[in-house]
**Q** 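I have a structure I would like to understand better, so I am pasting it below and will then ask my questions one at a time.
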Amino acid sequence: MDKVIAILGPTASGKSDAAMQLAEYLNTELISADSAQVYRGMDIGTAKPSIEEQKRVKHHMIDIVDVDESFTVADFQQQAFKTIDSLHNFNMSPIVAGGTGLYINALVYQLDFTQTQSDQDFRDKMDEEIATKGLLYLYEKLQKKDPKAAARIHPNDEKRIIRALEIVEHEGGGERSYDFLVPRADYDFRLFGFNYPRDILYDRINRRVDTMIEKGLIGEVTTLYEKYGDSPMALKAIGYKEIIDYLKSDIDKDEAIRLIKRNSRHFAKRQITWFKRDNRIVWLNPMEKNSLKNLISGIE
RNA sequence: GCCUCGGUAGCUCAGUUGGUAGAGCAAGGGACUGAAAAUCCCUGUGUCGGUGGUUCGAUUCCACUCUGAGGCA
């Protein structure tokens, strides 16, 4: 069966470096599984690989849409598999590397996104209903129309309530499958996780944010903000929304930097939680000398 | 040397007319199926500076002591 190597982990865990080295060793190409790196112009804040790095190893799923375009997991899933299949045709074992848990799961598990597309008009309508009638009203509506979905969603979880209603709206309340997390059997996935001890990871995150500021993050965000305003979802990403608040003079620069660091730490924690539950992942500590060797021996 | 005000959670501090304590920030845990770097849920982590005294009971009152800041000499 065709192999796919996946290297995942929280932000600043060293997974990208490891993936680069492995890709060069195996003479293959990388597929980024990162929901922010898909956007053109979001470079510094997403720690996107440099031009030089991209010359050394070909990266897919980077710079594929503009900031004001919509891009979803389903798009990712479809395009990533297309890339995986074409690399397999060249007898390469692709390396998926990234920290967006949902994107990883969209490859590694049988997640079926083909039924109901996202519907911005419907979502806008729902936002209005929340403003006028309150979120609870929508939740109760969902309880009537799809009790199973409602049972899985917390009454405060606005986005999931809206999405569930969206599905009901388009499929007329048809039964959805809730057999989640069924591993995909048609590819041979090898999963590796990178992580540091928590205090070291946080230290790396803090220092990386300082480096981003030095590299010109504020300039990057200013350009995007002037071009697109503050409404595109992509600009709600960590490192972007905080700088935008600073540009609007809502907070000062030090506060923006503090918040980027804190939000990145919180994000890393969520990523760790996400990956923890997949017991197929082989965890590697980048501080150990043999971690790359262990990685290589794990894919034979 | 004397006087004043402090010492309580990782940090900044509140509080208990005596019944072993709580806010903000920071932090920890969890969920996740077409916005996912999004969205949402749960959790207070503490010899209340130290030692003695009064008391049924002291973080709270008293004494001494250590320590920080300021003031007067």
Side-chain angles (χ1 to χ4, degrees), chain A residues 10-12 32-39 42 44-48 65 67-80 98-120 122-124 126-127 130 135 139 146 148-149 151-167 169-171 176-182 184 198-199 201-202 205-206 208-209 212 221 231-244 255 258-278:
Chain A
T11 182
S32 158
D34 186 306
S35 65
Q37 290 186 356
V38 298
Y39 294 103
M42 290 172 62
I44 298 169
T46 63
K48 203 176 277 176
V65 284
V67 162
D68 57 350
E69 289 181 85
S70 95
F71 186 84
T72 69
V73 212
D75 300 321
F76 174 81
Q77 188 188 45
Q78 204 184 0
Q79 293 183 40
T100 302
L102 182 61
Y103 284 16
I104 298 276
N105 280 9
L107 303 180
V108 159
Y109 292 100
Q110 296 178 32
L111 305 192
D112 181 12
F113 298 109
T114 54
Q115 302 159 39
T116 300
Q117 302 202 343
S118 70
D119 178 344
Q120 196 53 50
F122 181 81
R123 290 178 182 188
D124 291 345
M126 290 300 106
D127 284 341
I130 289 169
L135 183 58
Y139 185 69
D146 188 346
K148 258 182 165 172
R152 294 179 48 252
I153 298 171
H154 191 278
N156 288 346
D157 200 340
E158 193 175 306
K159 301 215 166 170
R160 291 200 171 78
I161 292 170
I162 293 177
R163 159 99 277 238
L165 287 169
E166 188 175 72
I167 290 167
E169 176 83 6
H170 286 261
E171 295 175 25
R176 293 180 74 204
S177 166
Y178 291 108
D179 295 332
F180 287 174
L181 302 184
V182 178
R184 238 189 134 95
R198 191 67 62 94
D199 53 341
L201 182 70
Y202 282 5
I205 289 172
N206 292 156
R208 194 160 80 162
V209 172
M212 285 176 179
V221 180
S231 54
M233 199 55 204
L235 297 181
K236 304 282 193 284
I238 297 165
Y240 293 83
K241 58 173 178 244
E242 298 87 351
I243 298 292
I244 287 174
E255 178 67 359
R258 188 187 72 83
L259 288 173
I260 293 171
K261 289 176 179 172
R262 188 206 51 190
N263 292 339
S264 299
R265 293 193 299 268
H266 289 176
F267 173 49
K269 202 159 78 67
R270 270 180 275 134
Q271 290 176 302
I272 292 166
T273 299
W274 181 288
F275 294 126
K276 243 188 227 171
R277 79 173 152 179
D278 194 328

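Since this is a predicted model, take the numbers as computed values, not measurements. These values consider heavy atoms only, across backbone and side chains, with no hydrogens, waters or symmetry-generated copies.
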**Q** Between A/R270 and B/C40, does any side-chain N or O lie under 4.0 Å from OP1 or OP2?
**A** no
**Q** Could you pick out which residue, A/I153 or A/M212, lies toward the 5' side of RNA chain B when each is mapped onto its nearest nucleotide?
**A**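 Its nearest nucleotide being more 5', the pick is A/I153.
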**Q** Output a table of donor-acceptor pairs, distance under 3.5 Å, between side-chain atoms of residues 153-160 of chain A and any protein atom two or more places apart or on a different chain; print 'none' if there are none.
**A**
| from | atom 1 | to | atom 2 | distance (Å) |
| --- | --- | --- | --- | --- |
| A/H154 | ND1 | A/N156 | N | 3.0 |
| A/D157 | OD2 | A/R160 | NH1 | 2.8 |

**Q** Could a donor-acceptor pair under 3.5 angstrom be found where the side chain of A/R163 meets the base of B/A35?
**A**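 Donor-acceptor pair under 3.5 Å: no.
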**Q** Do the side chains of A/V73 and A/N105 get nearer than 4.5 Å, heavy atoms only?
**A**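 With C-beta onward as the side chain, the pair stays apart.
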**Q** If the C1' atom of B/G10 is compared with that of B/U45, how far apart are they to the nearest Å?
**A** 9 Å
**Q** Give one of base, sugar-phosphate or nothing for A/K269, where a contact means two heavy atoms less than 4.0 Å apart.
**A**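 The residue A/K269 makes base contact.
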**Q** With distance as the sole test, does A/E166 use its side chain to make a donor-acceptor pair with the main-chain N or O of A/D119 at under 3.5 Å?
**A** yes
**Q** Give me the distance, rounded to whole Å, that separates B/U47 from B/U39 when you measure between the C1' atoms they each carry.
**A** 41 Å
**Q** At 4.0 Å (heavy atoms only), tell me whether A/R262 reaches a base, stays on the sugar-phosphate, or touches nothing.
**A** sugar-phosphate
**Q** Roughly how far apart, to the nearest Å, are B/U67 and B/A31 at atom C1'?
**A**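 Nearest-Å result for B/U67 against B/A31 at atom C1': 47 Å.
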**Q** Check this one for me: any side-chain N or O of A/S118 less than 4.0 Å away from OP1 or OP2 of B/A35?
**A**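 Checking B/A35 against A/S118, a side-chain N or O does come within under 4.0 Å of OP1 or OP2.
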**Q** Are A/I205 and A/Y202 side-chain neighbours, meaning at least one heavy-atom pair lies under 4.5 Å?
**A**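 They are in side-chain contact.
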**Q** Remember a base hit wins even if backbone is also touched, and classify A/T100 as base, sugar-phosphate or nothing at under 4.0 Å, heavy atoms.
**A** sugar-phosphate
**Q** Please determine whether a side-chain nitrogen or oxygen atom of A/R265 lies at a distance below 4.0 Å from atom OP1 or OP2 of B/A26.
**A** no
**Q** Taking side chain as C-beta onward, heavy atoms only, is A/L102 less than 4.5 Å from A/F76?
**A**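 Result no, sub-4.5 Å side-chain heavy-atom pair not found.
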**Q** Using the C1' atom as the reference point in each nucleotide, state the distance between B/U16 and B/G22 in Å, no decimals.
**A** 11 Å
**Q** Check every atom of B/C40, B/A38, B/G34 against the side chain of A/D157 and return the nucleotide holding the closest atom.
**A**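 Output: B/C40.
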**Q** Using a cut-off of 4.0 Å on non-hydrogen atoms, how would the nucleic acid contact of A/D34 be classed: base, sugar-phosphate, or nothing?
**A** base
**Q** Which listed nucleotide (B/G28, B/G34, B/A38) is nearest to the side chain of A/R160?
**A**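 My answer, after comparing the listed nucleotides, is B/A38.
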**Q** Looking at side-chain heavy atoms only, is the closest gap between A/R123 and A/Q120 below 4.5 Å?
**A**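 Yes, at least one pair of side-chain atoms sits under 4.5 Å.
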**Q** Compute whether any side-chain donor of one residue and acceptor of the other, for A/R208 and A/T11, lie under 3.5 angstrom apart.
**A** yes
**Q** Can you name the atoms? Protein N/O to nucleotides 41-45 of chain B N/O, anything below 3.5 Å, with the distance.
**A**
| from | atom 1 | to | atom 2 | distance (Å) |
| --- | --- | --- | --- | --- |
| B/C41 | OP1 | A/N156 | ND2 | 2.7 |

**Q** Would the distance check show the side chain of A/Y240 and the main-chain N or O of A/G45 forming a donor-acceptor pair, the cut-off being under 3.5 Å?
**A**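 At least one qualifying donor-acceptor pair exists.
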**Q** Any side-chain N or O of A/T273 below 4.0 angstrom from OP1/OP2 of B/G30?
**A** yes
**Q** Dot-bracket, RNA chain B: Watson-Crick or G-U, under 3.5 angstrom, [ ] crossing, | other strand?
**A** (((((((..((((.....[..)))).(((((.......))))).....(((((..]....)))))))))))).
**Q** When the distance from CG of A/N206 to P of B/A26 is rounded to whole Å, what number comes out?
**A**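 Those two atoms, CG and P, are 12 Å apart.
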**Q** Under 4.0 Å between a side-chain N/O of A/K236 and OP1 or OP2 of B/A35, yes or no?
**A**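 No, no such contact exists.
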**Q** Of the nucleotides B/A35, B/G29, B/A36, which has the atom closest to the A/W274 side chain?
**A** B/A36
**Q** Under 4.0 Å, heavy atoms only, any strand: does A/Y103 hit a base, just the sugar-phosphate, or nothing?
**A** sugar-phosphate
**Q** Rounding to an integer number of Å, can you tell me how far A/F275 CZ sits from B/A31 P?
**A** 13 Å
**Q** Rounding to the closest angstrom, what is the interatomic distance between B/G57 and B/C66 at atom P?
**A**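 Going atom to atom, P in each nucleotide, I get 28 Å.
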**Q** Do A/V65 and A/Y39 touch side chain to side chain, with heavy atoms closer than 4.5 Å?
**A**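 With C-beta onward as the side chain, the pair touches.
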**Q** What's the CG-P distance between A/D68 and B/A35, to the nearest Å?
**A**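 The distance from CG of A/D68 to P of B/A35 comes to 17 Å, rounded to the nearest Å.
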**Q** In whole Å, I'd like the distance from the CD atom of A/Q271 to the P atom of B/A38.
**A**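 Result: 10 Å.
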**Q** Using a 4.0 Å heavy-atom cut-off across all strands, classify A/S264 as base, sugar-phosphate, or nothing.
**A**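 Answer is nothing: A/S264 stays at 4.0 Å or more from every strand.
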**Q** Is the backbone of A/T46 close enough, under 3.5 Å, to the side chain of A/Q37 for a donor and an acceptor to pair up by distance?
**A** yes
**Q** Determine the interatomic distance between C1' on B/A14 and the same-named atom on B/U60; round to the nearest Å.
**A** 14 Å
**Q** Tell me what A/G45 touches on the nucleic acid: a base, only sugar-phosphate, or nothing, going by heavy atoms under 4.0 Å.
**A** base
**Q** Please report, rounded to the nearest Å, how far the C1' atom of B/C40 is from the CG atom of A/L102.
**A** 15 Å
**Q** Which part of the nucleic acid, if any, lies within contact of A/R198, taking any heavy atom under 4.0 Å across all strands shown: a base, the sugar-phosphate backbone alone, or nothing?
**A** sugar-phosphate
**Q** In whole angstrom, what separates A/F122's CZ from B/G34's P?
**A**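 These atoms are roughly 13 Å apart.
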**Q** Given that A/M233 and A/D127 both sit by RNA chain B, which one's nearest nucleotide is further toward the 5' end?
**A**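 First, find each residue's nearest nucleotide; the 5'-ward one identifies A/D127.
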**Q** Are A/K269 and A/R265 packed together at the side-chain level, in the sense that at least one heavy-atom pair is separated by less than 4.5 angstrom?
**A**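 They are not in side-chain contact.
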**Q** To the nearest Å, how far apart are A/L107 CG and B/A36 C1'?
**A** 14 Å
**Q** Looking only at atom C1', what distance separates B/U20 and B/G1, rounded to whole Å?
**A** 38 Å
**Q** Would you say the side-chain atoms of A/E242 pair up with the backbone N or O of A/N263, donor to acceptor, closer than 3.5 Å?
**A**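 Side chain of A/E242 to backbone of A/N263: no pair is present.
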**Q** In whole angstrom, give me the gap between the C1' atoms of B/G6 and B/C48.
**A** 14 Å
**Q** To the nearest Å, how far apart are A/D119 CG and B/G34 P?
**A** 14 Å
**Q** Any side-chain heavy atom of A/F275 within less than 4.5 Å of one from A/I104?
**A**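 A side-chain contact exists here, since the closest heavy-atom pair is under 4.5 Å.
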**Q** Regarding A/F71, tell me which of base, sugar-phosphate or nothing describes its non-hydrogen contacts under 4.0 Å with the strands shown.
**A**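 Sugar-phosphate contact only.
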